Amino acid sequence: MVVLAVIIPVLMLGVVLALGRYEELLLPDQRGPDRLEPSAARSSASSPAPAGTPAPSP
């Protein structure tokens with residue numbers, strides 16, 4: 001019984017991982033290489049200073 005208590009969760013983990021890999025093969029990512037994340041599309045020069053940064057002195 002102890003052996004089953006150890007083997008069954010390991011087998012279930014293997015099944016879940018295998019199904020995840022199967023899903024990735026069956027349903028590839030819908031985003032193409034030309035579609036960027038919104039954060040990657042913005043340039044860093046136009047972004048405001050992060051919160052908590054003190055304003056420069058005049």
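Please read all numbers here as calculations on a predicted model, not as lab measurements. Quick note: numbers below take in every heavy atom, side chains included, and nothing from hydrogens, waters or symmetry partners.
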Output all residues satisfying salt bridge (charged side-chain N to carboxylate O under 4.0 Å, His left out) with Glu24, sequence neighbours left out; order by chain, then residue number. Arg21
Hydrophobic cluster of Val3, others only, ordered by chain and residue number, side-chain cut-off 4.5 Å: Ile7, Leu11
Sorted by first residue and then second, give each salt bridge (Lys or Arg N to Asp or Glu O under 4.0 Å) pair with at least one member in residues 5-18; sequence neighbours left out. none
Scanning both residues in full, the closest heavy-atom pair of Val6 with Val10 reads O-CG2, 3.3 Å
Who else is in the cluster with Val2 when I, L, V, M, F, W and Y are joined by side-chain contacts under 4.5 Å? none
Tell me the salt bridge (Lys or Arg N to Asp or Glu O under 4.0 Å) pairs involving residues 1-14, sequence neighbours left out? none
Connected-component partners of Met1 among ILVMFWY, side-chain separation under 4.5 Å: Leu4, Ile8, Met12
